[in-house]
Amino acid sequence: MFALSDQPIDAAALRTRLEHPTAGAVCVFEGVVRDHNEGRAVSALRYEAYAELALREGARLVDEARARWPLLAVACVHRTGDLALGDLAVWVGVAAAHRAAAFEACRFLIDETKVRVPIWKHEAYADGGAPSRWLHP
Amino acid sequence: MFALSDQPIDAAALRTRLEHPTAGAVCVFEGVVRDHNEGRAVSALRYEAYAELALREGARLVDEARARWPLLAVACVHRTGDLALGDLAVWVGVAAAHRAAAFEACRFLIDETKVRVPIWKHEAYADGGAPSRWLHP
Amino acid sequence: MRVRVRYFASLRDAAGRDEEQVEAGAGLAALYAALAERHCFTLPRERLRVAVNGEFTAWDAPLAAGDEVVFIPPVSGG
Amino acid sequence: MRVRVRYFASLRDAAGRDEEQVEAGAGLAALYAALAERHCFTLPRERLRVAVNGEFTAWDAPLAAGDEVVFIPPVSGG
């Protein structure tokens, strides 16, 4: 599953979605709001999604991962709205029988999420001079 | 840190050890006791460690990972004793500023743990015929 | 032919609105060029993707009246 | 010269004990060969590593009286 959440991500609840009797390997990636980005002190951060397409593209990513690796469970959730330092921005978890598939699929999902899913980050900075901005890398 | 535990691994407590203000990426690997191995139904599983050397070699692995990647926090714990299906056998967590280092170091730590750290798995099988055995791959 | 354009991220900030109804008889590329001039969008079209009715589409795809069009700036989730 | 040998995993099962004091005048390789014969160890030495006093060491490393020796079967943690 791929979901968006405007509430704090509950990592423990998501982890229970990966339980499976033949799962020997679980790989989880968490993207966390850092206090710095590109050398600037971040004071506030917001994510906005084009929800309809983000959910559709996210579901496609999960389908692609399942087609490439023998996965037993997949969960991927991205935050939207206002985040604080230390908050989870994204949580990706994969269960598989063996670790190679779990690592590779987890990496694929976060890498592709970052380039394909229509979600945008808006950063404000603590050093007064730098204006806040949308990141369009 | 690298530790052995004869009690169930507390993943949530270990996760808090990875908190760091500049950590933007956390990668966690969990090895879970499966109900099958190599086609046989597993009924019971035990890990034994040569503890003095396992701890020393595990600490070396963590040092090597820190030398190769810019890591902000590392925690690695391996179970010993009797485990049940679904129990965590090993938990590896890495925090870094960026995801490449987090994924690569986490993978390195579990891969090297499996080949270098003196810990052994003993499996008993549900199908009556197969004798229990130590795994020496 | 009128379509509904929705704006996200820096395009919404520049346009000063979430969405608007616009004339789009000349296709998606011409529509972006017209809106970029009207709203002073600085992102060149080559850096954008475009979606119609909630699906990514090609810049030369046909439009129909009432379509929902979204120009998608480079994404930065994760 | 006597050393203390500790056993783990399948070697402990085959030896039927956790440890023993043994004579080790001829070095680690000869010691493993003697113990393999005595306890019917089936793992060839080439598949083992050896540790002395809690550190991996070479098979031709010197031994001293009272050393703790562990023959390390292929590991299977993780």
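Per chain, numbering begins at 1; letters A, B, ... match sequence-line order.
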Quick check on A/Ile110 against chain C: is it the side chain, the backbone, both or neither that has a heavy atom closer than 4.5 Å? side chain
Can you establish whether the number of heavy atoms outside C/Arg2 located under 6.0 Å from its atom CZ is more than 12? yes
Quick one: what part of A/Tyr47 sits under 4.5 Å from any heavy atom of chain C, side chain, backbone, both or neither? side chain
Quick one: does A/Trp134's side chain get under 4.5 Å of C/Arg12's, heavy atoms only? yes
Against chain C, label A/Ala54 side chain, backbone, both or neither, depending on which of its atoms sit under 4.5 Å from a heavy atom there. neither
Look at A/Glu48, A/Glu52, A/Arg133, A/His78 and state which one has the largest set of heavy-atom pairs under 4.5 Å with chain C. A/Glu48
Inter-residue atom distance A/Leu53.CG - C/Phe8.CZ, 0.5 Å rounding: 9.0 Å
State, with a plain yes or no, whether a side-chain heavy atom of C/Glu55 is found less than 4.5 Å away from one of A/Glu57. no
Residue by residue, scan residues 66-78 of chain C and write down, ordered by number, those that have a heavy-atom distance under 4.5 Å to chain A; if none do, write 'none'. C/Glu68, C/Val70, C/Ile72, C/Pro73, C/Pro74, C/Val75, C/Ser76, C/Gly77, C/Gly78
Measure the CZ-CZ distance between C/Phe56 and A/Arg60 for me, rounded to the nearest 0.5 Å. 7.0 Å
Donor-acceptor pairs under 3.5 Å, side chain of residues 35-49 of chain C to any protein atom, not counting sequence neighbours: which ones?
| residue | atom | partner | partner atom | Å |
| --- | --- | --- | --- | --- |
| C/His39 | NE2 | C/Glu20 | OE2 | 2.7 |
| C/Arg47 | NH2 | A/His136 | O | 2.8 |
| C/Arg47 | NH2 | A/Pro137 | O | 3.1 |

